[in-house]
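Let me begin by presenting the structure, written as structure tokens, before commenting on it.
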There are 2 protein chains.
Amino acid sequence: MGLDKIDLSILRELQQDSSLTNQELADRVGLSASPCLRRVKALEESGVIDKSVTLLNQNKLGLKLTAFIQISMDRHTPDRFELFESTLESFPEVKSCSLVTGQSADYLLEVVVEDMERYQEFLLGKLTRIPGVTGVHSSFLLRRIISRTSLPLDHLK
Amino acid sequence: MGLDKIDLSILRELQQDSSLTNQELADRVGLSASPCLRRVKALEESGVIDKSVTLLNQNKLGLKLTAFIQISMDRHTPDRFELFESTLESFPEVKSCSLVTGQSADYLLEVVVEDMERYQEFLLGKLTRIPGVTGVHSSFLLRRIISRTSLPLDHLK
DNA sequence: GGTGAAAAGCTTCGTGT
DNA sequence: ACACGAAGCTTTTCACC
């Protein structure tokens, strides 16, 4: 699964704009249409390309509050984790949830809601009601400095 | 900027797959091609739709380590922040960087690298060399439970 | 919101470098 | 492996209803 310069160039372009036509993409990476399409298909086939999605503007949708929540559990047993994770799946407010290492927390969540009132409802009405959740530490997004959907291809050999 | 049922339905579909043809999208939301395209264009025009991007598979690219880093600064002065933020922009390892509230940290970073050795290089060679960076607390991703590129449209009126 | 026709883009060949 | 070109098809983009 060796990726050459051109493959990386294709990935870089598509990471920034998946709505490019094959012709435009071919021009940008210095190829003609057919080999370009071949490469894209191969990248999809190999799984390097996962999928293409449309990103929405949170603020325009009225979702103005982003919170990062660190959560610790009382016991580290499989049933605790399973219940927590399956419950979280049903909460639309949860943008991401990661099991992480560390003494201070077990899970790291990113939650998106309309305002502080909704956040409070989420915290008290949903999150802290899950059995096993003991520590909850919230911090709120003030300003997004960097948000790359792109992966760092530059420092790959 | 009122979004009706159909608009939300369009956004839901595109958030999951931006490679849908207009025809397929129209079928899914129960519209014919032209009004469907009209709505999509309007959503782009209004800025609700930001852009479309291709997502890559981190592991297949050899980027196997994700770290969450909490950073605190010695002083909260504009020049400190500006230098930190502009320096971070040049680090390809940084997937996201957010200025956040809280006593324990000022910034929250998500960093993606190939392995622990690269991470160490990033931490010692790059991050901690930025003036003003005092506290650095890392935790590492064990397992991704939820990762939605989608925003929660379900609980919008 | 729907229809239909023209324009543009994509796919898949084959041939040649 | 890539470039080129043409046929056949789907999609997009307009008019207009």
Side-chain angles (χ1 to χ4, degrees), chain A residues 1-57 60-62 149-157, chain B residues 1-63 149-151 153-157:
Chain A
M1 188 208 56
L3 303 176
D4 63 11
K5 292 275 185 193
I6 301 181
D7 286 324
L8 290 178
S9 174
I10 288 174
L11 294 177
R12 240 188 304 273
E13 294 293 335
L14 290 181
Q15 277 197 125
Q16 290 171 38
D17 186 2
S18 66
S19 71
L20 285 175
T21 66
N22 183 53
Q23 194 60 251
E24 285 172 329
L25 180 60
D27 291 343
R28 294 195 188 187
V29 302
L31 241 56
S32 61
S34 17
C36 182
L37 190 61
R38 263 202 298 275
R39 281 170 181 266
V40 172
K41 294 293 179 193
L43 289 168
E44 287 171 350
E45 196 64 29
S46 72
V48 173
I49 288 181
D50 187 8
K51 60 174 178 175
S52 297
V53 299
T54 296
L55 304 180
L56 307 185
N57 185 321
K60 299 242 174 179
L61 286 166
T149 54
S150 327
L151 289 172
L153 302 176
D154 303 316
H155 56 155
L156 289 181
K157 61 211 147 287
Chain B
M1 187 207 55
L3 303 175
D4 63 11
K5 294 275 186 191
I6 301 181
D7 286 323
L8 290 178
S9 175
I10 288 174
L11 294 176
R12 240 188 304 272
E13 294 294 336
L14 290 180
Q15 276 196 126
Q16 290 173 39
D17 186 1
S18 67
S19 71
L20 284 175
T21 65
N22 182 54
Q23 193 65 248
E24 285 172 329
L25 180 60
D27 291 344
R28 294 195 188 189
V29 302
L31 242 55
S32 62
S34 15
C36 183
L37 188 61
R38 267 202 292 272
R39 282 168 179 266
V40 172
K41 294 294 177 192
L43 289 167
E44 287 171 350
E45 196 65 29
S46 72
V48 172
I49 287 181
D50 187 9
K51 59 175 180 176
S52 295
V53 300
T54 296
L55 303 180
L56 308 184
N57 185 322
Q58 291 193 188
N59 284 329
K60 299 240 173 178
L61 287 166
L63 299 165
T149 55
S150 328
L151 290 172
L153 302 176
D154 302 316
H155 57 153
L156 290 180
K157 64 219 147 283

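Lettering follows sequence order; numbering is per chain, from 1.
Straight-line distance from the CG atom of A:Leu3 to the P atom of D:dA1: 13 Å, rounded to whole Å. With rounding to whole Å, B:Lys5 atom NZ is found 16 Å from C:dG1 atom P. Rounded to whole Å, the distance from CD1 on A:Ile10 to C1' on D:dA1 is 13 Å. Rounding to whole angstrom units, CD1 of residue A:Ile6 and C1' of D:dA3 are separated by 13 Å.
Residues B:Ser18 and B:Val53 approach most closely at OG-O, 4.5 Å, considering heavy atoms. Residues A:Ser9 and A:Val29 approach most closely at OG-CG1, 3.3 Å, considering heavy atoms.
The existence of a salt bridge linking B:Asp17 and A:Lys51 is excluded, since no basic side-chain nitrogen approaches an acidic carboxylate oxygen closer than 4.0 Å. The existence of a salt bridge linking A:Asp7 and A:Arg12 is excluded, since no basic side-chain nitrogen approaches an acidic carboxylate oxygen closer than 4.0 Å.
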Set out, line by line, the N/O atom pairs under 3.5 Å between protein and nucleotides 7-17 of chain C.
| from | atom 1 | to | atom 2 | distance (Å) |
| --- | --- | --- | --- | --- |
| C:dC10 | OP1 | A:Asn22 | N | 2.9 |

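Phosphate contact (OP1/OP2 of D:dC2, side-chain N/O of A:Arg39, threshold under 4.0 Å): present.
Rounded to 10 degrees, the angle separating the terminal axes of the helix from C:dG1-D:dC17 to C:dT17-D:dA1 is 30°, with each axis obtained from five end pairs.
The closest donor-acceptor contact from the side chain of B:Gln16 to the backbone of B:Glu13 lies at 3.5 Å or more, if one exists at all.
Between the NZ atom in B:Lys41 and the CD1 atom in B:Ile49 there is a gap of 9.5 Å [rounded to 0.5 Å]. To the nearest 0.5 Å, atom CG of residue A:Leu56 and atom CG of residue B:Leu153 are 6.5 Å apart.
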message: Could you walk me through whether B:Ser19 and A:Ser52 satisfy the side-chain hydrogen bond (donor to acceptor under 3.5 Å, both in side chains) test, starting with their C-alpha distance in whole Å, then the side-chain angles of each, then the deciding distance to 0.1 Å, before giving a yes or no?
response: CA-CA 6 Å; B:Ser19 71; A:Ser52 297; 5.7 Å; no
